[in-house]
Engineer: 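Here it is: the structure, laid out below.
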Amino acid sequence: MALEAAGGPPEETLSLWKREQARLKAHVVDRDTEAWQRDPAFSGLQRVGGVDVSFVKGDSVRACASLVVLTFPELEVVYEESRMVSLTAPYVSGFLAFREVPFLLELVQQLREKEPGLMPQVLLVDGNGVLHHRGFGVACHLGVLTDLPCVGVAKKLLQVDGLENNALHKEKIRLLQTRGDSFPLLGDSGTVLGMALRSHDRSTRPLYISVGHRMSLEAAVRLTCCCCRFRIPEPVRQADISSREHIRKSLGLPGPPTLRSPKAQRPVACPKRDSGESSGEGQPPQDHSPGPRTAPRPGSQEQTGKDWQ
DNA sequence: GCGACAG
DNA sequence: ATCTTGTCGC
């Protein structure tokens, strides 16, 4: 009995959640509050954090929450914490935070206690910020509760406020030619909710960046781009890898022996300035260097031209 | 009834 | 979110 899984949470719960979102939304700061955010090279920024929650396959309760901290601009992992958790809230579009934030918050607080010196100056969050049904996505939620600058990094367009992944939208995506190209996501309400960003030269599918907390959209987009060795920004990608690996181990699965040492790779060159929009800007060919980098393992998540998922 | 649906 | 190897392209 009592399997509310079929119909999701009762209206009463959703109503409470909406009220909570509205209450916290008043605390969101959607502009730059730190000096480094306005610096063309982000000088002053030394640590970028990433969070993610991975799930156990056949289980709707067990999951693993991870927080990682990377140096900037090197993007080397200097902190990693993963924790198995028992999910309480179900996933409901528009209420992702109530499912994941409690655990992410715990991870941040644990870091604050045990390694305050490693506290990230900004968090990249898997999901949306103000690009949300009620303007308060998971990145805003975590940002307000931790009071850390946060950026929403979504892999799919959340179709709200008139935004649609239609032919016109796809056409705009097609015009994003190189890393750093982007276009604004203007909602019917007349507000720019976020930006579609081509984060990597070899990835067609854009990222949907939106303000989480204490950072302007412009800085958020610029920073995200500076964190991308692949399509998914390293902080989020590393958090994802960590949480999945943690799950494997906790399940006693036959994980790959110890095949992990990507060698420090050079940080991605940040698009200088003028990452305004469109493409076609004078971007001289830069592919002359024979990148001796470790072969980008195809099994990752980038360059997999599956646009239908 | 049909479509949409961050993670 | 999760299931998954190979495979096509630069």
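Protein chains get the first letters and strands the later ones, always in sequence-line order, with residue 1 at the start of each. Hydrogens, waters and symmetry mates are skipped; everything else that's a heavy atom, side chains included, is used.
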Engineer: Kindly express the pairing pattern of DNA chain B in dot-bracket notation, using | wherever a base pairs with another strand and counting only Watson-Crick or G-U pairs under 3.5 Å.
Structural biologist: .......
Engineer: We want to know whether A:S66 and A:S242 form a side-chain donor-acceptor pair, criterion being a heavy-atom distance below 3.5 angstrom.
Structural biologist: no
Engineer: Using atom CZ of A:R202 as one end and atom P of C:dT7 as the other, report the distance to the nearest whole Å.
Structural biologist: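 Rounded to the whole Å, the gap is 20 Å.
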Engineer: When you measure from the side chain of A:D181 to the backbone of A:Q177, do you find a donor-acceptor pair of N or O atoms at a distance under 3.5 Å?
Structural biologist: yes
Engineer: Donor-acceptor pair, A:Q37 side chain versus A:T33 backbone, under 3.5 Å?
Structural biologist: yes
Engineer: Salt bridge or not for A:D147 and A:R214, using N-O below 4.0 Å?
Structural biologist: yes
Engineer: Taking only side-chain nitrogens and oxygens of A:K156, does any of them come within less than 4.0 Å of OP1 or OP2 of C:dA1?
Structural biologist: no
Engineer: Hey, where on DNA chain B does chain A first and last touch, going 5' to 3'? Cut-off is any atom under 4.0 Å from a heavy atom.
Structural biologist: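 First-to-last contact on DNA chain B, by the 4.0 Å heavy-atom rule, is B:dA4 to B:dG7.
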Engineer: On the six-membered ring of A:F103, is A:R83 placed so that its NZ or CZ lies under 6.0 angstrom from the centre and within 45° of the ring axis?
Structural biologist: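 No - A:R83 does not lie over the ring of A:F103 by the 6.0 Å and 45° rule.
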Engineer: Just N and O in the side chain of A:R99: are any of them under 4.0 Å from OP1 or OP2 of C:dA1?
Structural biologist: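 For C:dA1, neither OP1 nor OP2 has a side-chain N or O of A:R99 closer than 4.0 Å.
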Engineer: Give the dot-bracket line for DNA chain C from 5' end to 3' end: parentheses for intra-strand Watson-Crick or G-U pairs under 3.5 Å, square brackets for crossings, | for inter-strand pairing, dots for unpaired.
Structural biologist: ..........
Engineer: If you look at every strand shown and take non-hydrogen atoms under 4.0 Å, does A:N128 touch a base, only sugar-phosphate, or nothing?
Structural biologist: base
Engineer: Which atom pair, heavy atoms only, marks the closest approach of A:G127 to A:V138?
Structural biologist: CA-CG1, 3.9 Å
Engineer: Salt bridge or not for A:D126 and A:K155, using N-O below 4.0 Å?
Structural biologist: yes
Engineer: How many Å lie between CG on A:D59 and P on C:dT2, as a whole number?
Structural biologist: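 Distance, rounded to whole Å: 13 Å.
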Engineer: Give me the residues of residues 79-94 of chain A where at least one heavy atom lies under 4.0 Å from an atom of DNA chain B, by number, or none.
Structural biologist: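 A:Y91, A:S93, A:G94, in order of number.
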Engineer: Any sub-3.5 Å donor-acceptor pair from A:T191's side-chain atoms to A:L193's backbone N or O?
Structural biologist: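 Flag not set: sc A:T191 to bb A:L193 has no pair under 3.5 Å.
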Engineer: If you count every heavy atom of other residues, nucleotides or ligands that lies below 6.0 Å from A:R38 atom CZ, does the total exceed 12?
Structural biologist: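 Open: at most 12 neighbouring heavy atoms sit under 6.0 Å from CZ of A:R38.
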Engineer: With a 4.5 Å limit on heavy-atom distance, are the side chains of A:L148 and A:V122 in contact?
Structural biologist: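 A:L148 does not reach A:V122 side chain to side chain.
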Engineer: Between A:T178 and A:D201, do the side chains contain an N or O donor and an N or O acceptor separated by less than 3.5 Å?
Structural biologist: no
Engineer: Just to be sure I understand the rule, does A:F98 reach a base, reach only the sugar-phosphate, or reach nothing, if contact means heavy atoms closer than 4.0 Å?
Structural biologist: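 If one applies the 4.0 Å heavy-atom cut-off, A:F98 turns out to touch nothing in the nucleic acid.
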Engineer: Roughly how far, to the nearest 0.5 Å, is CG of A:L207 from CG of A:L157?
Structural biologist: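 Reported to 0.5 Å precision, the distance equals 12.0 Å.
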Engineer: Please state whether the rings of A:W17 and A:F95 are parallel, tilted or perpendicular, taking 30° and 60° as the class boundaries.
Structural biologist: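 Rings of A:W17 and A:F95: tilted, as their planes differ by 30° to 60°.
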Engineer: Checking the side chain of A:R198 only, and the main-chain atoms of A:S203 only, is there a donor and an acceptor separated by less than 3.5 Å?
Structural biologist: yes
Engineer: Just jot down the side chain to side chain contact (heavy atoms under 4.5 Å, CB included) partners of A:A196, sequence neighbours excluded, or say none.
Structural biologist: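 Residues passing side chain to side chain contact (heavy atoms under 4.5 Å, CB included) with A:A196: A:F183, A:L185, A:P206, A:Y208.
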Engineer: With the threshold set at under 4.0 Å for non-hydrogen atoms, list the residues of residues 131-139 of chain A touching DNA chain B in residue-number order.
Structural biologist: A:H132, A:G137, A:V138
Engineer: If I compare all heavy atoms of A:P235 with all of A:L124, which pair ends up nearest, and what's the gap?
Structural biologist: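 Closest approach of A:P235 to A:L124: CG-CD1, 3.9 Å.
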